[in-house]
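Below is one structure, written out as structure tokens; comments come after it.
Below, chain A is the first sequence line, B the second, and so on; all start at residue 1.
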Amino acid sequence: MPAPGVTSPPLSRPRAPLFLCACFAALVMTVTVHKARCCATSAGNGLVYPQKIVLIMKIVTRFAPSPTGFLHIGGGRTALFNWLFAKHHQGTFLLRIEDTDRARSTQAAVDAILDGLKWLGLEWDGEAVSQFERKDRHAEVVAEMLANGTAYRCYCTPEELDAMREAQKAAGQQPRYDGRWRDRDPSEAPAGIAPAIRLKAPREGETVVNDHVQGEVRVQNSQLDDLILLRSDGTPTYLLAVVVDDHDMGVTHVVRGDDHLTNTFRQLQIYNAMGWAAPEFAHIPLIHGPDGAKLSKRHGALGIEAYRDMGFLPETMRNYLLRLGWGHGDAEIISTEQAIEWFTLEGIGRSPSRLDFAKMENLNAHYIREADDARLVALTSPFIEAKIGRALTDAEKERLLRSVPGFKPRVKTLLELADGSLYLFANRPLALDDKAAALLTAEARSQLAALAEAFAASPDWSGAALEQIVRDHAERTGLKLGKLAQPLRAALTGSTVSPPIFEVAEILGRAETLVRLEDVAKGG
RNA sequence: GUCCCCAUCGUCUAGAGGCCUAGGACACCAGCCUUUCACGUUGGUAACACGGGUUCGAAUCCCGUUGGGGACGCCA
């Protein structure tokens, strides 16, 4: 315990009373360190009720993407977990854009991330913070560290560092900054070289993080080198900026990808150097592709907007992403409200998971079935308009609206809904897909001609009336209903899949239905 | 290479030493329903990576092996 190391707040994956103490410790940490000590102590002896904690504790989480690409699905899940955790505790969910790498950050990427989060329905509190704009504050903190002796100037050139790493590798050692400027007298500084500022990290002992997902993880300080805080051009590095910003923004819980676990040790060292209380951490396992390989923006993974364009609903994504790495008993279909109520860090699994499009589609089919018809029309119209190359008229949207209820149980994505609705707006003669064309045999065509005649004579153009006509016809000719209904479907929709076919005829209307039947009867 | 993490059906997961003959969901197969395709419904195939411990008892705890992943930048 008295080791010269650094430890994050002692926390594991406790239940019952232990958990309450832990939460309490977390909350006081946001106030001041001194209060934290005494409150934590008294909490340890007394009984603390959850209700009270909710009143006192203000949870603050954040999502901190770097704008070097779109919002990929792993980032989306990280954002979701942070959002859910904040909502669960009636806390605050902040957004910070980590744009300190000026060369790689783009406004287009910032916009894509913002759009992606909005589409997912993950609204953040307050304004999005630009990390780059806080660079003066970062420099100020480093000046403080320089003054208190926890940081120093390093005059190594990039070439020199490369050479050092090469030599270490050649000697079979692991590449690490050797601290050559750590204790050197400033008077030895070479002229004309702007120094980078490094952290004077502890060399003895170990650093421990008590992670909400990974449990207690420790590393020997000898494994960690003196990281750069401020580049020679005066800009902050990620490791420094994250710590300063999380501290200044009052972040209480850092929920992020597993790939940051090893960064945490170094960040803890910075917290310690500044005498700041560290937030609590939860490192969630990464999402892998269907092949098990790493999924990241560097490996061509899809942006969240790609899922939108494939016709997935945002509520599908929230549910699917939630279940990827998090579980609540046997629950599968989980509404967002329910998710907020149930979500805890302790429910997060420790092993990486793979993307499964089939399951995502199944969930999407569920949410499409549940979705409001007018909303589906609004979401599907753009897909249709893109395909037919023109805007839909109000009358056409009305027609779409009438066909949606019968069709939505049959599709898995909005894109399928759009494709399957195209016949409503298609120009004659209708293009037939292969299966539909195969249905239209000479025999079928002559039956359709007979049906067309009967339809034309019907005073009532309702789906029910038309169905009765076909049923009567089937009875008279001894044909099975399917033998008539299927060719009818092919003739009217060009496909073998559609909403209930008599409904289709009703929506299409008398004139359009008869002329389409005529087209087919003519053999065209 | 060094350090760190992970390991239950094909996939997502339940599982907190006896409720496990290992449960659910997706996918797959078969039946029912049916106006095609679906939805729905009934049933089925399918997993504790391996080896040692600890224990009366291990999917669960410990150690090792193997396999997978992550991190080792004046990127984030």
Side-chain angles (χ1 to χ4, degrees), chain A residues 13 15 64-68 98-101 103-105 131 154 156-158 161-162 165 169 172-177 194-198 211 213-215 217-220 222-225 227-233 235-239 241-242 257-263 265 283 285-286 288 290 292-294 320 323-333 349-363 365-366 369 407-412 420 435-436 439 467 470-471 474 480-490 493 495-502:
Chain A
R13 325 181 100 225
R15 275 165 294 266
S66 62
T68 54
E98 311 236 310
D99 51 359
T100 53
D101 184 344
R104 296 202 300 160
S105 298
Q131 186 160 67
C154 169
C156 291
T157 61
L161 292 173
D162 281 346
R165 274 190 282 266
K169 273 189 193 169
Q173 302 167 323
Q174 48 178 314
R176 237 183 325 233
Y177 177 67
I197 315 289
R198 287 182 185 270
D211 194 273
V213 176
Q214 308 294 343
V217 185
R218 48 183 68 222
V219 73
Q220 295 301 310
S222 58
Q223 294 292 326
L224 276 14
D225 62 4
L227 67 283
I228 289 181
L229 267 4
L230 225 48
R231 301 184 187 103
S232 50
D233 66 0
T235 59
T237 59
Y238 160 78
L239 257 7
V242 171
D258 218 348
D259 49 341
H260 287 284
L261 185 59
T262 50
N263 284 330
F265 301 110
H283 286 93
L286 267 18
H288 293 161
K294 185 190 176 186
Y320 180 75
R323 284 289 291 108
L324 212 49
W326 181 89
H328 190 270
D330 284 344
E332 294 288 347
I333 304 286
R350 272 167 297 236
S351 55
S353 46
R354 301 181 183 200
L355 233 36
D356 181 358
F357 275 88
K359 187 155 185 172
M360 207 190 290
E361 286 190 334
N362 176 274
L363 259 186
H366 169 83
R369 262 176 265 137
F407 200 33
K408 66 180 184 181
R410 294 149 200 256
V411 298
K412 288 183 160 62
K435 283 188 189 166
L439 275 172
E467 178 167 357
V470 176
R471 286 189 184 277
K480 291 186 79 171
L481 197 55
K483 281 287 180 191
L484 295 170
Q486 266 313 86
L488 193 54
R489 187 188 308 273
T493 71
S495 164
T496 56
V497 183
S498 81
I501 192 59
F502 304 111

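If you check distances only, the side chain of K412(A) never reaches the base of A38(B) with a donor-acceptor pair under 3.5 Å. No N or O donor and acceptor, one from the side chain of R410(A) and one from the base of C39(B), sit under 3.5 Å apart. At a cut-off of 3.5 angstrom, counting only N and O atoms as typed in the model, there is no donor on one side facing an acceptor on the other between the side-chain of D258(A) and the base of G70(B). With hydrogens and angles ignored, a donor-acceptor pair under 3.5 angstrom links the side chain of S232(A) to the base of C74(B). Residue N263(A) places a side-chain atom within donor-acceptor reach of the base of A76(B), judged by atom type and a 3.5 Å distance cut-off alone. With hydrogens and angles ignored, a donor-acceptor pair closer than 3.5 Å exists between the side chain of E332(A) and the base of G24(B).
Heavy atoms of E361(A) sit nowhere under 4.0 angstrom from any nucleic acid atom. Among the atoms of the strands shown, only primed sugar atoms or phosphate atoms (P, OP1, OP2) are found under 4.0 Å from some heavy atom of G325(A). The residue E98(A) sits close only to the backbone: its heavy atoms come under 4.0 Å of sugar-phosphate atoms, none of a base. Using a 4.0 Å heavy-atom distance criterion, C154(A) is classed as making no nucleic acid contact. Among the protein residues, L324(A) comes within range of the sugar-phosphate backbone only, with heavy atoms under 4.0 Å from sugar or phosphate atoms but none that close to a base.
Nucleotide U35(B): unpaired (no Watson-Crick or G-U wobble partner with both distances less than 3.5 Å). Shown here, A71(B) forms a base pair with U2(B); the pair counts as Watson-Crick or G-U wobble because both key distances fall under 3.5 Å. Across all strands shown, A25(B) forms a Watson-Crick or G-U wobble pair with U11(B), both key distances being under 3.5 Å.
Whole-Å rounding puts the D356(A) CG to U11(B) P distance at 10 Å. The distance from atom CG of L286(A) to atom P of G68(B) is 17 Å, rounded to the nearest whole Å. The nearest whole Å value for the distance from the CG atom in L363(A) to the P atom in U11(B) is 18 Å.
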Taking it one step at a time, do H260(A) and Y238(A) satisfy ring-ring contact (aromatic ring centres under 6.0 Å, His included)? CA-CA 11 Å; H260(A) 287 284; Y238(A) 160 78; 5.6 Å; yes
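OP1 or OP2 of C75(B) has not a single side-chain nitrogen or oxygen of T68(A) nearer than 4.0 Å. Within the 4.0 Å cut-off from OP1 or OP2 of A25(B), not a single side-chain nitrogen or oxygen of N362(A) is found. For A76(B), one of the phosphate oxygens OP1 or OP2 lies less than 4.0 angstrom from a side-chain nitrogen or oxygen of R231(A). Close to G73(B), at under 4.0 Å from its OP1 or OP2, lies no side-chain N or O of R176(A). Considering only side-chain N and O atoms, S66(A) lies nowhere under 4.0 angstrom from the phosphate OP1 or OP2 of C75(B).
Using C1' as the reference atom, G57(B) and U13(B) are 26 Å apart when rounded to the nearest Å.
Atom NZ of K412(A) has 12 or fewer heavy atoms from other residues, nucleotides or ligands within 6.0 Å.
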